[in-house]
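Single-structure report; data block below.
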Amino acid sequence: MNMLRGYRETVAGDPLRFAVLVGLATVPFTVALSWQPPDEATVVGGTVSGVPLLVAGTLVGYRYGDCASRTRRAGIWAGLAASVATVLLYAATAASTIGTASTTMTVLALVLTPIAVAVGVGLTVLVTAATAVVVGWMRRRSARASRSRDATDSGSRNALESRWWLPVVAYVLLVPAVVLAEGVVEPDGGAGFAVALLLVGTVLLSVPAALGVFVDATVPRCESAWLPNVRAYVGLPALGFAAAYVGATLYGSPRPSAPATFGFLVVLWLTAVVYLANRYRNLERIADERPR
């Protein structure tokens, strides 16, 4: 009871009201992006667009990112509010099945709907809260106070000793190789399968590459050292994803996430190349701030 009372008092005040409002604001967008008329094989469920949830988690994580525990609570409440769309979508699908399907399918819909709703709500909360936690951590790490240290501080790791740039180099080298192989190798046969595996590896490697750029750029440094523009290096790939997604949606693409992922990969590669070039150019400044 004390825990429930604490949550109720917190939500009733200003601290988490923004998180709840953001979660509720995603409901119409999630429904519009996710709704598809159920076919004959559909009993309950369906796909739920994760883009509004990612946006909600990003806003909540940035808003409450100054405190890790508050970020988690805000992400959970935003996810719970956003899960209204999941409940509506699953309920609408089940209602369509009950109204048109056979007796067996109707019984299955009645039995499976509560389970599907519970799983859908849990996943909605998980995606929203996890996004908020990651964005909150990024906000705290990229804060200028967290990135700066005294020149005589020998307890913190030097930026020159960071190895987070290694996955960035691997990504920068792999992308041109995959593009060249795509243009030379025939899609049929074992070589085409190998190229497909390289393409999947490129997509998977983009995650540690993006993380590597962020972590390496936010290693604590002296004020006189090279301080990368973290917002530009991190924000441009995300902007590339968003622009490609919106463009694909406007052009009526059935799966806008595919061109959005391609936009993210391209912009991330360009950003990574620029970051590595600037890092190499400023190696002397990075080395000069090593504690003595």
Query - Nearest-0.5 Å distance, CZ of residue F264 to OG of residue S257 - result: 13.5 Å

Report task. Look only at the side chain of R140 and the backbone of D66, and say whether a donor-acceptor pair between them is shorter than 3.5 Å. Result -> no

Report task. Identify the two heavy atoms, one from R139 and one from R63, that lie closest to each other, and give their separation to 0.1 Å. Result -> NH1-O, 3.4 Å

Using atom types as modelled, flag every donor-acceptor pair under 3.5 Å from a side chain in residues 116-130 to any protein atom, sequence neighbours excluded.
unit_1 : atom_1 : unit_2 : atom_2 : d
T124   : OG1    : T86    : OG1    : 2.9
T124   : OG1    : G120   : O      : 2.8
T128   : OG1    : T124   : O      : 2.8

Query raised in the report: Mind checking who shares a hydrophobic cluster with V200, ILVMFWY linked at side-chain heavy-atom distances under 4.5 Å?
Result: L204

Report task. Specify whether Y233 and Y275 have parallel, tilted or perpendicular ring planes, treating 30° as the upper limit for parallel and 60° as the lower limit for perpendicular. Result -> perpendicular

**Report entry** Residue pair T71 / G136: nearest heavy atoms and the distance that separates them
**Finding:** CG2-CA, 4.4 Å

Query raised in the report: Hey, what do you get for OG (S83) to CG (L89), rounding to the nearest 0.5 Å?
Result: 11.5 Å

Requested in this report: Please report the shortest heavy-atom distance between R72 and V133, naming the atom on each side.
Outcome: CG-CG2, 3.6 Å

Query raised in the report: Is the shortest side-chain N to carboxylate O distance from D216 to R163 below 4.0 Å?
Result: no

Query raised in the report: Which distance, rounded to the nearest 0.5 Å, do you find between the CG of L197 and the OG1 of T202?
Result: 10.5 Å

Query raised in the report: Are the side chains of W137 and F214 in touch, meaning some heavy atoms are under 4.5 Å apart?
Result: yes

Query - Residues L53, T131; criterion side chain to side chain contact (heavy atoms under 4.5 Å, CB included); working and verdict - result: CA-CA 8 Å; L53 305 181; T131 304; over 6 Å; no

Query - Partner of Y171 under side-chain contact (heavy atoms from CB on, under 4.5 Å), chosen from L268, L276, V273 - result: L268

Report task. For residues P228 and N278, determine if any side-chain heavy atom of one lies less than 4.5 Å from a side-chain heavy atom of the other. Result -> no

Query raised in the report: With no hydrogens and no angle check, is any side-chain donor or acceptor of W269 less than 3.5 Å from a backbone partner on V172?
Result: yes

Report summary line: Rounding to 0.5 Å, atoms OH (Y245) and CG (L33) come to a distance of 4.5 Å

Requested in this report: Find out whether V230 and M138 are in side-chain contact, i.e. whether some heavy atom of one side chain is under 4.5 Å from a heavy atom of the other.
Outcome: no

Requested in this report: Examine distances only and state if a side-chain atom of Y64 and a backbone atom of A19 form a donor-acceptor pair shorter than 3.5 Å.
Outcome: yes

